[in-house]
Structures are given as C-alpha cells and as structure tokens.
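Read through the structure below, which is laid out as structure tokens, and then see the notes.
All of these numbers come straight from a predicted model, not from anything done at the bench. Here is the naming used below: chain letters follow the sequence lines, and residue numbers restart at 1 for every chain. Hydrogens, waters and symmetry mates play no part in the numbers below; they use all other heavy atoms, side chains included.
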Number of protein chains: 2
Amino acid sequence: MGATKTEHFTAEQNEMANLMKALAHPARIAIIDYLLKVNACICGDIVNELPLAQPTVSQHLKELKNAGLIKGSIEGTAICYCIDETTFLKFQNYLTHIFGIINTNKNNCC
Amino acid sequence: MGATKTEHFTAEQNEMANLMKALAHPARIAIIDYLLKVNACICGDIVNELPLAQPTVSQHLKELKNAGLIKGSIEGTAICYCIDETTFLKFQNYLTHIFGIINTNKNNCC
DNA sequence: TCTATTTATCGTAATATTGCAATATACAAA
DNA sequence: TTTGTATATTGCAATATTACGATAAATAGA
C-alpha cells in the first residue's frame, strides 16, 4: 500500500495533516525560522543558509509553496520567498482550538 | 538517499519537525480530535472510530506515543490512551512564538 | 482450562520522501 | 551574443511510510 486513505477523513483533518506534513522536515522548519528571523522576503540566499544542495533546497521550497505556507515572486534573476500569512492563520486557528481544549481539560486523564 | 540529514539542524528544528511528522497523517489528526472530543482517556474503541484496520490503527497510536503526544496505560484487557499535555505544551510554545511573529510583522512582504 | 476479546507485532507489498548529480531555464551584464 | 549567476526540473538510488493479513500475547470470564 503506502498511500494514505484521505477519502475517509474530513476535509479539515486532511488539510491539517497536509500542513503538518509540509513542516515535517527540519530543513523546512529552518526555512520558516529563517524567513521569520530576517523578517522580510528572502531574495537569493536561502541555499547558502541551509546545509543541503541547491536542488534539495529548491525541492523543499516547492513543498512549502504547494502547501501554501510560503509564496514567491520573481525578482530579476532571483526569486523572493516569504511567509504566506493566510495559510498560517488557518493553521493557527486549528491549533489554537486544540491547545485551548487541552489547557482547559487538565488532569482528567488516567 | 531518503534519510533526513538531522545532524545539520538544531535540536529544536528536529524536535518540531518530529512533532509535525507525528501529526502528518489524517488518521493521527483524527485520533487527537477524538481524544479531545470525548475529553477523557479512550479505553477500547479507537479502532471502531477509524476507517482503518486494527493493525494500522495500532501502528498510528504507536507513532503518536513515540512522539510523546499521547500516553497509554493498561486497563485490564484494554489500553487507555490520552493526550500527553507536556508535549503539546512544548509544541504550543514553539507555534505561539511563530504565530506571534507572523501576526506582528504583517505586510512587509513583496 | 478453554474461549472470547483486545491490542501488539511480524512480514510484506505498494507508495512516498529525501537527496543530489546532471541538466535545463531564465535573466542580467559585459 | 556570450558569459555568469540563480533557480527549477529530471532521473535515480536509498530509505521511510502506509496498510493490512496473519499471528502472537495478554487478560477476563465461563
């Protein structure tokens, strides 16, 4: 097998799992961390910031872009990537809900 | 290759990527959703709640347990699973930080 | 003890992910 | 046009994940 049975789960469950999957690699966490640290679009030097070959970085950026977590625009010979706030907001809404329940329901466990 | 180069990233980046990976499947999101919905330990009927075979569910539970997101205790012939708040708190701390930066740095993007 | 029930593990097939060399593409500047 | 620079794509090998049938282990109750 090896293929996730997405059709049996709710749209939200699949959506959240996809966002988690997009962030389920330290290189992609590092990219997000870096984008937030420089607090701007990155135009050119992401590859130098990561301990991976250029095609690998390009692939990770593509996955983050497909998930909607970052967006890019062509800027001459370079590409500018930055955080896509809309998707992060959706992600935040789900997680805030989850964390909210966890924090109010403390100690009702075996 | 196929193996993540964890040694090149920070401990926090690897830790967060691992938590994301543990949640990067709709079945595991569904398990967490269900645990929160019933607001208690689940003793016995997780398998019936999911559209997957028993060995598959058992495997997903194991992954959530390995990641520290749930904990289980033997209760007669059944196993009781529940949310592990400590790990979720760590996860929340990281994400609250990320979301905080994103929400304060709006519109400084290309 | 025997049986039923519940959860875990093993083994395996199908599929997905990771990483990079080689190469392609796109554009700026000489 | 040619050269240099930056990013993307292709192709492939190594590894990981997903799913489940078969089976094991553990316990409760007859």
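The interatomic distance linking B/L61 (CG) with D/dA19 (P) rounds to 13 Å, in whole Å. Straight-line distance from the CG atom of B/N66 to the P atom of D/dA16: 15 Å, rounded to whole Å. Nucleotide C/dT7 holds its P atom 8 Å from the CG atom of B/D45, rounded to whole Å. In this structure, CE of B/M20 is placed 20 Å from C1' of D/dA16, rounded to the nearest angstrom. Regarding A/H25, its NE2 atom lies at a distance of 11 Å from the C1' atom of D/dA16, rounded to whole Å. Protein atom CG of A/L64 is 16 Å distant from nucleotide atom C1' of D/dA8, rounded to whole Å. The distance from atom NZ of B/K62 to atom P of C/dT7 is 16 Å, rounded to the nearest whole Å. In this entry the distance linking CG of A/L52 with C1' of C/dT17 reads 14 Å, nearest Å.
Applying the 4.0 Å criterion to OP1 and OP2 of C/dA16, one finds that A/K21 has every side-chain N and O outside that range. The phosphate of D/dA6 (OP1 or OP2) has no side-chain N or O of A/Y81 nearer than 4.0 angstrom. Contact check, B/T56 against D/dA19: no side-chain N or O comes under 4.0 Å of OP1 or OP2.
One donor-acceptor pair, N or O on each side, does fall under 3.5 Å between the base of D/dA8 and the side chain of A/Q54.
Counting all heavy atoms, side chain and backbone alike, A/L52 lies closest to B/F9 at CD1-CZ, 4.1 Å.
Residue whose closest nucleotide on DNA chain C sits further toward the 5' end, between A/P55 and A/E63: A/E63.
Picking from C/dT18, C/dG19, D/dT18 the nucleotide with the shortest atom distance to the side chain of A/H60 gives C/dG19. Considering only side-chain atoms of B/R28, the nucleotide from C/dT9, D/dT18, C/dG19 that sits closest is D/dT18. Minimum atom distance to the side chain of A/Q59 is reached by C/dT18, of the listed C/dA8, C/dT18, D/dA19.
If you check every strand for non-hydrogen atoms under 4.0 Å, A/K65 touches nothing.
A/R28 contributes a side-chain N or O that, together with a main-chain N or O of A/A22, makes up a donor-acceptor pair within less than 3.5 Å. In this structure, A/T96 contributes its side chain and A/Q92 its backbone to a donor-acceptor pair below 3.5 Å.
Under the 30°/60° scheme for interplanar angles, the aromatic rings of A/F99 and B/F91 are found to stand perpendicular.
Within 6.0 Å of the NE2 atom in B/H8, the count of heavy atoms belonging to other residues, nucleotides or ligands exceeds 12.
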